[in-house]
2 protein chains.
Amino acid sequence: MKPETDARITDTRKKILDLAEALMLSRGFNAFSYQHISAELGVRNAAIHYHFPKKSDLGVALIERYCRRFERFTQAQADLSPDEQLEQYFELADRYFGQQQICPSGILSAELQTLPDDMRLQTQAFVALMRGWAADIVRRGRDAGVMHYPGSAEGMGDVVFAAMQGALQLARFDRQALQSVKLQIRQLLGCQ
Amino acid sequence: MKPETDARITDTRKKILDLAEALMLSRGFNAFSYQHISAELGVRNAAIHYHFPKKSDLGVALIERYCRRFERFTQAQADLSPDEQLEQYFELADRYFGQQQICPSGILSAELQTLPDDMRLQTQAFVALMRGWAADIVRRGRDAGVMHYPGSAEGMGDVVFAAMQGALQLARFDRQALQSVKLQIRQLLGCQ
DNA sequence: GACACCTTACTGACCAGTAAGTAGAGTCGC
DNA sequence: GCGACTCTACTTACTGGTCAGTAAGGTGTC
């Protein structure tokens, strides 16, 4: 049966991506090796190279998957109110925090100077997506009259995005920090 | 003459620290090697090991220097008004940005999981210092009536600190991002 | 027999770290 | 004022480990 074969084909590939994702978000892209993945998966090193010849291929695939996942995420919650969308974003951050991880844009931008060119470009596109979305939420929040803040929606979106990225990093030292930042952002936006 | 000898002793050591600092803030701690430093300095690899036997010794020395420098920085501007202190902090960020660097707490927290234990402890102390200072500025800013924001000073300090850390990372993709975040923070605090 | 999905076996580069030796400058007894 | 000693600040030469990446071979399935 074709589906079963296809399922097996994508199975290892998906497991590699999942493991690589977890490793990248906790250790960073440069700080995990094909050994980390192959050992956990019970295969040999070269098996990873079969699916992703270069490490940058794996990296690009990871970020592409983030982009697809993120677009599905935004489409799925397109009908929610802006303040509900903000809470969904906060929950996303909580999930990263619960696994001792930071957000993908955080680790990728920190390591940016050492990333291969193709990964850098892909990262840029991903960050632009996230940034635009944050600005969108606060813009529609203000238009709907549920959020109140001075300045531009782009500026406020940047602050929310940057603060959440920084908060996840800060939370590695103090578990209270993420809650602290989330609460303060809610108050700054005047919602809840 | 003693002073001249002492000057030469500390000269190489200081040059190593300076180069290591620049490398860490642009590439990350794990992504630079003793080769990077020794090549630039025109000495052999082992010369670096003479001054800093383990790489973690170099890392700890770097963060300790940050702590000392930071305390001198806060003492030097103790007499400034809170909004002037905030602008000094912004200028610090501008200086990092101008050299294609991110802030030390940003890179160290991103790489935290892969850092040796002694560096982790030192980083924790450094971050606590910076965080406390940010909270101090906005607390005294509110007390003095020049800053206005909802919630606690700790919460607002965390947002400012996290947002600036995130903004420096965001600025690697878009040079406007840092200005955007700085401006928005000023407006959120109601100063200028 | 063609293909997907691995394996074994290897290469060369880079890495942190070490051991042993050395050049020069300062210190001491005499 | 001269040899012996000592210390700092390196050097050369090396080790063992890890890394990404490759080449060639095997195995099961359509």
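Hydrogens, waters and symmetry mates are skipped; everything else that's a heavy atom, side chains included, is used. Numbered from 1 within each chain, the chains take letters A, B, ... in sequence-line order.
- Spacing between atom NE2 of B/H51 and atom P of C/dT18 amounts to 16 Å, rounded to whole angstrom units.
- The cluster map of Ile, Leu, Val, Met, Phe, Trp and Tyr, joined by side-chain heavy atoms under 4.5 Å apart, puts B/L80 and B/F90 in different clusters.
- B/E64 CD to B/L17 CG: the interatomic distance, rounded to the nearest 0.5 Å, is 10.0 Å.
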Solution key, residues 133-149 of chain A side-chain donor-acceptor pairs under 3.5 Å, sequence neighbours excluded:
unit_1	atom_1	unit_2	atom_2	d
A/D136	OD1	A/R139	NH1	2.9
A/R139	NH2	A/E154	OE2	2.6
A/R140	NH1	A/Q85	OE1	3.4
A/R140	NH2	A/Q85	OE1	2.9
A/R142	NH1	A/Y149	O	2.8
A/R142	NH1	A/G151	O	3.1
A/R142	NH2	A/G151	O	2.9
A/H148	NE2	A/G145	O	3.3
A/Y149	OH	A/V138	O	2.7

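- Here the rule is side-chain contact (heavy atoms from CB on, under 4.5 Å) with B/I16, and of B/T12, B/D18, B/L19 only B/T12 fits it.
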Using nucleotides 8-10 of chain C, report all nitrogen or oxygen pairs with the protein that are shorter than 3.5 Å.
unit_1	atom_1	unit_2	atom_2	d
C/dT8	OP2	A/R44	NE	2.8

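- Ring-plane geometry between B/F126 and B/F70 is classed as perpendicular, the angle between the planes exceeding 60 degrees on a 0 to 90 degree scale with a lower cut at 30.
- Linking Ile, Leu, Val, Met, Phe, Trp and Tyr residues whenever their side-chain heavy atoms come within less than 4.5 Å leaves A/L121 and A/L108 in two separate clusters.
- The distance from atom CD1 of B/I16 to atom C1' of D/dC10 is 11 Å, rounded to the nearest whole Å.
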Could you list all N or O pairs between the protein and nucleotides 16-19 of chain D that sit under 3.5 Å apart?
unit_1	atom_1	unit_2	atom_2	d
D/dC19	OP1	A/S33	OG	3.4

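- If you take NE2 of B/H49 and C1' of C/dG17, they are 5 Å apart, rounded to a whole angstrom.
- Rounded to whole angstrom, the span from the OH atom of A/Y50 across to the C1' atom of D/dG25 amounts to 15 Å.
- When the side chains of ILVMFWY residues are joined at heavy-atom separations under 4.5 Å, either directly or via intervening members, B/L178 and B/L183 end up in two distinct hydrophobic clusters.
- When each of B/P53 and A/V43 is assigned the nucleotide of DNA chain C with its nearest heavy atom, A/V43 is the one assigned upstream, toward the 5' end.
- Computed from coordinates, the B/I37 CD1 to D/dC10 C1' distance equals 16 Å when rounded to whole Å.
- Following chains of ILVMFWY side-chain contacts shorter than 4.5 Å, one cannot reach B/L41 starting from B/Y50, and the two form parts of different hydrophobic clusters.
- Between the C1' atom of C/dA16 and the CG atom of B/L23 lies a distance of 16 Å, rounded to the nearest Å.
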